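Chain identifiers are assigned alphabetically (A, B, ...) following the order of the sequence lines, protein sequences preceding nucleic acid strands; residue numbering begins at 1 within each chain. Quick caveat: nothing in here was measured; it's all calculated off a predicted structure.
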Amino acid sequence: MRGHLIRSLCVGLPAVFLGVFFVFPVVSILGLGLSSGGLEHLTGLPGSDTFRGVAWFTLWQAVVSTVLTVVVALPAAHLTARRKFRGRRLVRALTTVPFVLPTVVVGGAFLALFERLGLDSGPVTLTHTVWAVLVAHVFFNVAVVVRTVGSFWEGMDPGVEEQARMLGASPLRAFAMVTLPRLWPAIASAASIVFLFCLTSFGVILLLGGPGIATLETEIWRHAVWRGDFRAATALAVVQLVAVIAVVAVGNRLQRRRAVGLRTVVARTPVAGRWELAANLGLLGLVMGLPVVVLVERSFHSGGGYSLANYRALAVRVDLLPLTALEALVNSLVFAMVAVALAVTVGGLASLVVVHGPRALSRVFDLGLMLPLGASAVTLGFGMLIALDEPPLDLRSSRWLVPVAHALIGVPFVMRSLVPTLRSIDRRLREAAAVLGAPPAVVRRWIDFPLAVRALSVGAGFAFAVSLGEFGATSFLPRQPDRMTAPLVLFRLLGTPGQQLRGQAMALAVVLMVLTGLSVLAIETRRGSVGGDL
Amino acid sequence: MGRWGVTSEMLRVEGLRVVLGEVVVLDGLDLEVAEGEIVVLLGPSGCGKSTLLRTIVGLERPSGGRVVWSGEDLTSTAPHQRDFGLVFQDHALFPHMNVASNVAFGLRVAGLAVAGREARVAEVLDLVGLEGFGGRSVDTLSGGEAQRVALARSLAPGPRLLMLDEPLGSLDRVLRDRLVEDLGVLLGGIGQASIYVTHDHDEAFALADRIAIMGEGRIRRIGTVAEVWSDPVSSYVARCLGHENLVELDRSGGCALGRLGDGPGTVLLRPGQVVLSQGPDGIEATVVGSLFRSDRFSLRVAVGDMEVLIPAAEAVPNGSGVRLSVGPDAVIPLTV
């Protein structure tokens, strides 16, 4: 009886959560988009020059961003996977940070960088160009490739390359003929994730691309939030949804192939050469370090000198905003804590179903709860906006809609960390416990649970960081003015001219960056032998 | 009379049949283990020894047959209710617990109070020679220590039957020899009924009260070491036990060593019964190899179209001619 109750809870809670807050909104978008009025709009799209321009730009910027990211990331993946050097762990941890940095912070950092280098106007202008967008996408996604490819690379037996060398292949030939083909599935899988992120990029495009550059994502936002034209927004959202589903399907296929033939070896790692190290770290430093350094420098700069004035200003309300930046930060922290609690509960239960549940259900949960990560934040926010506005689900005025949206994005992180760990808990450990007299419930409590808690905390850390910086979905959700989150405030500050506000924006960006960075660094030190896919 | 002779059998496995996927791993297997007895299961890798243990503890479900403990049918009892112990080959120590918590696991599950638990943990750690190891983390243990912790963990709750699945398989030879001896003394000392699985006949001889040779999903021969060694019955069993001089006879029962039987078939030459002849007479043979084995030499000699191994006091150069004599009861007939 009790077992039955627990099982129902494991399946029911995540299913209801996903159903109400994700499936229902997405279905609402589809419903509205495919209704008679919506369909008219949708069929009109292919003939529209504006739409064709936006769609084409969305696609090619994603392709170019992905290729650039892989090119920059591969040497770094090699370095962290195959070479020993002082600070290897630190470099690995630091390359993870950009991935969870709030988009608005990254946007702010690049704006600061361009300003500092005089690239914001004049003969060479980067601000509000596609180049700014591409560079920022590389900054964001290098970590994904370094992580995915790096950990795969580390697990590959170097003996095979050594054998190729013995047989007379030069290092380059050995890489091209032996290493690259084996690495390919990992690269393809990482690239498909990066492509998805770039395709659905939002905050970066708004801030760095400026008014002249539009993707599907920003167009949906402009139509829905600025013009209040839900029909036009819905048509675009349907297109976006179909594109995302296609990319996820392809990526999933690649992912499955990646799992084949992976075995963990304790590889002999040679010490990195000085030039190799310098070149790699130099490149990473240029792309990833410089914007951050300039951001920090600018945050202390005010009135011609360096001081804490910008930070002190965070506690002062400016006319532009209904609350102080500090109050917004507190809101963000509270929302993040609620979001993490939700994500851990839902993701934890769902992981149990994925690992221990019946096959069919396990697959549905595995895929279903990953979807919010793939679906763009804008789809998520826009879907909630149009779906949850009528009784009995009129949640628009609820202050908890924001953490719920954040939790939806956090659940995949919890599960990606927890599921592989639960799966890898040795079957023999459970058998050993059973033979020693432990009934199944005790095995779960004393073996599975303690081993899972570490993985759960890794996922929770990511969910926390993601919630702190979430901008896309939040920007859609109706809000009471006093419940604005820090990223929304930052966006407003960055979008408004004036040195005073700019300085305050930089200070707020630094605070957000430190908070998210700390939660990821905390994860890195706790990771140890567990960690799943993240 | 052996210990098992006076008491009734405790474990009885009847007609056990286990199919894994498409493969019939156990096919009508019968086995009995008496109180306090150590039965060693010997057989090549993949003959189903581990599957038998896993089925006895309840981790595999048989598609036929029964597992009975002193009259009580356990075939459909869950593993955690059988009160058996199993030591895994790769130890399967719980990585998130220290040595003491690993050993205490079974006691905790049984609901023993902390004080009793601590006393028992200290007692079994002492028994396996690891006193003072309780606070150690399991990833700091050497292979031999981990093996002892696994043994202590299985012994702690006092299982009515202990099974050990090639527990020394991953250790090096020297350590193995020492631990086998310790293990024999320990299990015999506490009168622990045990089934011990190995593919190493020396390990089997060192431990077994009775030795059971497995093949084709069944027990092919079971008995004391002396019984089985001196009469293996089949050539399969003879090879499993490490017998080397198996001889094919022709239709009239002859071979290069002379007439050894009444008809065609395989016979076994009793070790030490074919020796170097002291006098000038004997069967002519040529030395093709010498190998040193811990305390003595073995010569591989060619006689006609066959080769046999004979004991020798010293190495003899390859190609030397020697003469052999065959003792009066050298021949053990084999049926299959």
Which atom pair, heavy atoms only, marks the closest approach of B:Pro157 to A:Leu436?
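B:Pro157 and A:Leu436 have their closest heavy atoms at CG-CD2, 4.1 Å.
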
Top of B:Gln81, B:Arg82, B:Arg153 for chain A proximity - count of heavy-atom pairs under 4.5 angstrom
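The option with the most such pairs is B:Arg153.
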
Please classify the contact between B:Met97 and chain A as side chain, backbone, both or neither, with a heavy-atom cut-off of under 4.5 Å.
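The side chain, not the backbone.
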
Minimum side-chain heavy-atom gap A:Val442-B:His80 below 4.5 Å
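No - every pair of side-chain heavy atoms lies 4.5 Å or more apart.
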
Which bit of B:Leu93 is near chain A, if near means a heavy-atom gap under 4.5 Å: side chain, backbone, both or neither?
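Contact with chain A is through the backbone of B:Leu93 alone.
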
Atom pair CG/CZ of A:Leu429 and B:Phe94 - distance to nearest 0.5 Å
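Here the interatomic distance stands at 6.5 Å.
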
Heavy-atom side-chain proximity of B:Leu86 to A:Arg428 below 4.5 angstrom
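Side-chain contact under 4.5 Å: no.
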
Side chain / backbone / both / neither for A:Val435 at chain B, heavy atoms under 4.5 Å:
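For A:Val435, heavy atoms of backbone and side chain both lie under 4.5 Å from chain B.
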
Is the shortest heavy-atom distance from the side chain of B:Val109 to the side chain of A:Trp446 under 4.5 Å?
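A side-chain contact under 4.5 Å exists here.
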
For A:Arg359, I'd like to know if atom CZ has over 12 heavy atoms of other residues, nucleotides or ligands within 6.0 Å.
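Not more than 12 within 6.0 Å, no.
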
Answer with side chain, backbone, both or neither: which region of A:Arg427 has an atom nearer than 4.5 Å to a non-hydrogen atom of chain B?
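The side chain, not the backbone.
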
With only heavy atoms counted, which part of B:Arg54 is less than 4.5 Å from chain A, the side chain, the backbone, both or neither?
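The side chain, not the backbone.
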
